[in-house]
Number of protein chains: 2
Amino acid sequence: MPAEPRYRRIAEELRQAIAEHAYGPGGRLPSEGALAERYAVSRGTIRQALMLLRHDGLVTSRRGTRRVVLDDAPVQDFAQMQSFARWARSIGEVPDGAVIRQGWHPADDAEQRQLRITPGARVLRVLRLRHLSGRPAMLERTSYPEPVGAIVEPLPPDTVSVTEFLERGGVAVADAEHTIDLVLADAEDAEHLGCAVGDPLLRERRRTTDPAGVPLEWSQDRYLPGSIAFVVHNSLASTPLTRHHMVPDGRDG
Amino acid sequence: MPAEPRYRRIAEELRQAIAEHAYGPGGRLPSEGALAERYAVSRGTIRQALMLLRHDGLVTSRRGTRRVVLDDAPVQDFAQMQSFARWARSIGEVPDGAVIRQGWHPADDAEQRQLRITPGARVLRVLRLRHLSGRPAMLERTSYPEPVGAIVEPLPPDTVSVTEFLERGGVAVADAEHTIDLVLADAEDAEHLGCAVGDPLLRERRRTTDPAGVPLEWSQDRYLPGSIAFVVHNSLASTPLTRHHMVPDGRDG
DNA sequence: AAACCGAAGTTGTATGGCCAACACCTCGTT
DNA sequence: AACGAGGTGTTGGCCATACAACTTCGGTTT
């Protein structure tokens, strides 16, 4: 169990203080020097902590004045965005899930490119339905490359959190790229989500990679609209959000 | 014209080198020490540059080994995400736009909260239709608080880029928070976008703030689906993306 | 052949320092 | 009252150093 570095612990404390309105929205944070003294660390360490808050959009920062608290920002950690089950629990819902179908297939074009595997390789395709407190919420089509698939395959179909299982198995997720757009439900979507064919769904395509940059999964999640939204923060300091133009018959479907 | 700091220039060079496949996808970057020597700067400066690439998802980084190039990542800068016109031009389309309606109104609940203004204050509401190379693409409902609205109001209705005009006027955007979900077209959407009432649209609600944390605009953009997608990168290092649960009759409409 | 060990290389964490750029306030001048 | 100059406080940029934690690889032992 590696101890959290100091700058992360300090960031956590500041995050909590902000959440409790210790400085109020629009209020000013103490200066870096003051914080350094309070926590008995150097200014550099304080700056590292504040960087985290800045990237999450909790505070601004500009030369000359103290940092300003932006808002009670909707910050979750990486793990919560990564795992449907964890997210569901954090909003007070009961997550549930069931594998509808799974099996090994030769990788198609998109899978080869997304998972960076050779033409011959196999992938494990899993079709999974996710519930929020009993109601269908999302249909998930995930492709796992050989090594990860071998871990996922034997899991019982009603495993609530595959992500959490993989973590315990030593599979660490470090990066994820999400593409969000809109699609119309096909027959399979309609059947399992309980909507009509052609009904609009919010689609999130996601590729996750491990700390070494090796792709771990490629997934296409389709959410019933009305109860889900994606929130992104970007700033001059970091611009993780981009708009994408697709030609009418865009591949990578 | 302030000179770009060194770490940003170095990041730009590395970005370009990666784009030209100088290290190849899955390849390894030179060590921090080697880069520091090459650019004749300290390791700290190199690390600042590499942080930028890491947040954008171009490279991984973990203790013990050299950084790995993740992919030709879809990176645009903040300005391109911020301005519809700039984005359109960057993908080779001709942006166009026209104000359909605009006028001052007392701020409603959502506007008061989003723009952090007092109950009595006025906002300038602008309804704007955006075209991509002649075809309707997006309908934009923006609310500007008093000072910004006063700058926007006198603009000619066919101003292509309001954002670029505001920049020249000294209005700087530093932060933006985006909420992406799905809505069905109302009568007004249908009329101007040329779709049917009830057709699904991709909605992006956006609040931008200046470097001091003062809200500059609150906008609700509705995109015709099929040609637009939002791409987000997140990682252990920074988690700007969150999932949000909305109660059926969520306010903040 | 497999497992273990250790050395070398690399990134992460933290300290300390210095100056520049900028915001903000005060005070004095106009 | 309006304006401008200057001083103070604060963050940004950059440097140098030291050690810790980790990966990788080669060699050794089992």
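Each chain gets a letter, A, B and so on, in the order its sequence line appears, and its residues count up from 1.
One interatomic measurement links the two molecules: CG of Leu52(A) to P of dG12(C), which rounds to 13 Å at whole-angstrom precision. If you take CD of Glu32(A) and C1' of dG13(D), they are 12 Å apart, rounded to a whole angstrom. At whole-Å resolution of the value, CZ in Arg47(A) and P in dA14(C) are 15 Å apart. One interatomic measurement links the two molecules: CZ of Arg63(B) to C1' of dT10(C), which rounds to 11 Å at whole-angstrom precision. Counting to the nearest Å, the C1' atom of dC15(D) and the CD1 atom of Ile10(B) are 13 Å from each other. One can place CZ of Arg66(A) at 18 Å from C1' of dA21(C), the figure rounded to the nearest angstrom. What separates CG of Leu35(A) from C1' of dT11(D) is a distance of 13 Å, to the nearest Å. When rounded to the nearest whole Å, the span between CZ of Arg67(A) and C1' of dA23(C) equals 14 Å.
Ranked by how close their nearest DNA chain C nucleotide is to the 5' end, Thr65(A) and Gln48(A) are led by Gln48(A). Nearest-nucleotide positions on DNA chain C for Ile46(A) and Arg43(A) put Ile46(A) closer to the 5' end.
The listed nucleotides are dT11(C), dC15(D), dA14(C); the one nearest the side chain of Arg6(A) is dA14(C).
For Arg67(A) (side chain) and Val59(A) (main-chain N/O), no donor-acceptor pair under 3.5 Å exists by modelled atom type.
Counting only N and O atoms by type, the side chains of Thr163(A) and Gln82(A) include no donor and acceptor under 3.5 Å apart.
Relative orientation of the Trp87(B) and His245(A) rings is perpendicular, given thresholds of 30° and 60° on the angle between their planes.
Backbone-only engagement by Arg62(B) is indicated by non-hydrogen atom pairs under 4.0 Å involving sugar-phosphate atoms exclusively. Within 4.0 Å (heavy atoms only), Arg8(A) reaches no atom of the nucleic acid at all.
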